[in-house]
Protein chains: 2
Amino acid sequence: MARKTGSHAEITGPKVRAAAQKLFARMGYAAVSMRRIAEEVGVQAGALYLYTPDKQTLLYDLMKSHMEELLAAWAAAEKGGDPLARLEAFVRFHIRFHLERPDAVFIAYMELRNLEAENFARIEALRKAYEDELEAILADGRAAGLFDVPDTKLATLALIAMLTGVNTWYREGGRLSRERIESIYLDMALGAVGAEAGRARAMAAPCREAE
Amino acid sequence: MARKTGSHAEITGPKVRAAAQKLFARMGYAAVSMRRIAEEVGVQAGALYLYTPDKQTLLYDLMKSHMEELLAAWAAAEKGGDPLARLEAFVRFHIRFHLERPDAVFIAYMELRNLEAENFARIEALRKAYEDELEAILADGRAAGLFDVPDTKLATLALIAMLTGVNTWYREGGRLSRERIESIYLDMALGAVGAEAGRARAMAAPCREAE
DNA sequence: GTTCTATATGAACGGGCGTTCATTTCAAAG
DNA sequence: CTTTGAAATGAACGCCCGTTCATATAGAAC
């Protein structure tokens with residue numbers, strides 16, 4: 001019926017999703033009408049219902065895909081190593097992944113309250129799973145005496161908030177390269193969890209004066 | 001005509017603002033109708049226009065008041081002292097101030113895109129002014145050799161994102177007291193900017209093994 | 001007791017909303 | 001060719017939107 005890469009095909013599922021993602025990110029779910037999405041696709045409003053059962057599902061699918069991609073990408077990227085190396089990998093991965101899909105990230109953070117209850121619960125579970133990945137690294141690092149974190153849950157949330165914050169100000173072609181941004185945030189993240197050995201600082205003197 | 005603490009008075013300006021703030025925070029500006037706000041106040045929709053020229057102004061006033069209160073409160077709270085003491089004051093102030101007004105904070109972060117262009121610019125200017133307060137502390141601290149921040153602007157945005165993140169998970173009566181949360185975040189903030197002397201860690205050994 | 005005025009009502013305005021559906025279109029299969 | 005059936009239209013559904021305005025209400029001032 002729908003959903004197949006059909007014969008007539010050109011305007012198919014992916015197009016509707018792409019249009020919805022772009023518009024939801026720019027104007028917000030509640031402020032975007034199905035007619036506006038249809039216009040973006042180049043179609044009349046009724047035709048959208050060949051590709052999605054309703055507007056809510058459109059939002060939910062975007063958020064679900066994003067979170068699943070995030071988890072899959074991290075699972076694929078994760079390298080072994082000590083907690084410090086894993087933390088570095090996580091920080092760089094998180095920033096890179098999020099900077100590559102600003103629209104999806106924006107929607108995932110801003111439109112949670114427009115999800116119906118069950119959909120909200122499902123997305124939250126995925127988010128929790130991602131947070132758990134970082135928390136495990138921090139817990140391992142603390143157990144190994146590498147990190148100084150009084151509360152791994154708090155540190156997890158603090159780090160993720162800090163890292164995701166990059167998306168609010170980063171603009172393509174800005175003053176700093178992504179690589180440079182990653183490195184600066186990595187240093188801050190390491191400092192925040194007390195992983196001082198990991199910081200590449202030219203700090204000889206402060207050692208004795210500390211305390 | 002309106003706006004005066006009139007005789008009949010009970011349902012006046014502040015009530016409309018309070019109702020709008022509560023509803024905007026819970027459901028989002030675009031998803032809240034004037035009729036819903038009126039219902040919250042206990043009045044018919046038309047009566048709202050005695051207290052606000054339109055819905056947009058209602059949103060703008062809420063955000064403007066919030067940002068002005070924030071700046072005023074910080075100006076009143078700021079104590080002199082070295083950059084380290086000022087950073088501690090800022091961190092504690094920020095968390096405390098934001099945890100005390102979750103609805104206003106939520107609106108200030110989520111509804112920016114629903115502001116008309118000029119209103120958006122005015123709010124952004126206020127936000128910038130607040131960020132500048134923190135950046136000045138970081139710049140002074142770096143100049144004094146107390147902080148290790150390669151880029152004060154980035155560090156400012158990273159810290160504010162981290163601190164404001166508390167609002168996304170804090171719930172009244174949770175596992176940790178506000179004071180404890182403040183202290184943990186303070187330690188992370190100090191670590192992030194390389195203000196190691198400020199951390200109350202029992203760390204003697206790592207000094208030599210660093211690098 | 002009359003006037004005044006701030007406060008509120010409730011109907012109405014034009015318009016947009018999400019969604020449905022009978023109908024049309026048209027490339028491919030027979 | 002004819003038939004098929006997925007793809008798309010466009011009109012229609014009932015409903016809610018922000019805002020306006022003529023009208024009503026009722027306490028304060030005189």
Side-chain angles (χ1 to χ4, degrees), chain A residues 1-24 26-63 107 111 113-117 119, chain B residues 1-24 26-63 107 111 113-117 119:
Chain A
M1 183 176 278
R3 230 63 265 279
K4 301 211 203 80
T5 319
S7 36
H8 204 201
E10 193 60 56
I11 301 160
T12 40
K15 291 220 172 187
V16 173
R17 283 171 54 108
Q21 173 157 306
K22 174 180 165 184
L23 293 172
F24 287 168
R26 274 163 189 59
M27 329 176 50
Y29 175 78
V32 175
S33 68
M34 292 298 270
R35 285 168 178 82
R36 181 69 188 80
I37 295 171
E39 184 193 5
E40 184 77 17
V41 177
V43 117
Q44 295 298 321
L48 294 182
Y49 291 85
L50 294 167
Y51 305 104
T52 183
D54 50 36
K55 194 188 177 193
Q56 166 74 198
T57 303
L58 212 39
L59 175 63
Y60 171 64
D61 280 355
L62 286 172
M63 297 179 77
I107 291 169
E111 304 298 353
R113 68 177 151 195
N114 286 308
L115 288 174
E116 289 161 7
N119 290 342
Chain B
M1 183 176 279
R3 232 61 265 279
K4 300 212 203 80
T5 318
S7 35
H8 202 202
E10 193 59 58
I11 300 161
T12 40
K15 292 223 173 190
V16 173
R17 284 170 54 108
Q21 172 158 303
K22 174 180 165 185
L23 293 172
F24 287 169
R26 273 162 191 58
M27 329 179 45
Y29 175 77
V32 175
S33 68
M34 292 299 270
R35 283 169 179 84
R36 181 68 189 81
I37 296 171
E39 184 192 5
E40 185 76 18
V41 176
V43 116
Q44 295 298 318
L48 294 182
Y49 291 86
L50 293 168
Y51 305 104
T52 182
D54 51 34
K55 194 187 176 192
Q56 166 74 199
T57 303
L58 211 39
L59 175 63
Y60 172 63
D61 281 355
L62 285 172
M63 297 179 74
I107 291 169
E111 304 297 355
R113 67 177 152 195
N114 286 308
L115 287 174
E116 287 161 9
N119 290 342

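Within every chain, numbering begins at 1; the chains are lettered A, B, ... in the order of the sequence lines, protein sequences first and strands thereafter. Owing to the predicted nature of the structure, the values given are computational and were not obtained by experimental measurement. The analysis underlying the following values was restricted to heavy atoms, covering all of them including side chains, and did not include hydrogens, waters or symmetry mates.
- A search for side chain to side chain contact (heavy atoms under 4.5 Å, CB included) contacts involving A:N119 returns A:Q56, A:Y60, A:L115, A:E116, A:R122, not counting sequence neighbours.
- The side chain to side chain contact (heavy atoms under 4.5 Å, CB included) test applied to B:D61 returns B:R17, B:T57, not counting sequence neighbours.
- One interatomic measurement links the two molecules: CD of B:E39 to P of C:dT9, which rounds to 13 Å at whole-angstrom precision.
- In this structure, CE of B:M27 is placed 14 Å from C1' of D:dC17, rounded to the nearest angstrom.
- Atom P of nucleotide D:dA7 and atom CG of A:L50 are separated by 7 Å, given to the nearest angstrom.
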Review item, nucleotides 10-17 of chain C N/O atoms under 3.5 Å of protein N/O:
{"unit_1": "C:dA12", "atom_1": "N6", "unit_2": "B:R35", "atom_2": "NH2", "d": "3.2"}
{"unit_1": "C:dC17", "atom_1": "OP1", "unit_2": "A:S33", "atom_2": "OG", "d": "2.9"}

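- Taking 4.5 Å as the limit, every side-chain heavy atom of B:L58 sits out of range of all side-chain heavy atoms of B:Y29.
- Rounded to whole angstrom, the span from the CD1 atom of A:I37 across to the P atom of C:dG18 amounts to 8 Å.
- Distances shorter than 4.0 Å separate none of the side-chain N or O atoms of A:Y49 from OP1 or OP2 on D:dA8.
- Rounded to an integer number of Å, the gap from CG of A:L48 to C1' of C:dG18 is 11 Å.
- Taking atom CG of residue A:N114 and atom P of nucleotide C:dG18, one finds them 12 Å apart after rounding to whole Å.
- B:E40 is linked by a salt bridge (charged side-chain N to carboxylate O under 4.0 Å, His left out) to B:K22, B:R36, counting only residues two or more places apart in sequence or in another chain.
- Evaluation of the side chain to side chain contact (heavy atoms under 4.5 Å, CB included) rule for B:A30 yields A:A30, A:A31 as partners, not counting sequence neighbours.
- For D:dA7, the OP1/OP2 oxygens have no side-chain nitrogen or oxygen of A:Y51 closer than 4.0 Å.
- In this view, B:R113 and A:E111 satisfy the side-chain hydrogen bond (donor to acceptor under 3.5 Å, both in side chains) rule, not counting sequence neighbours.
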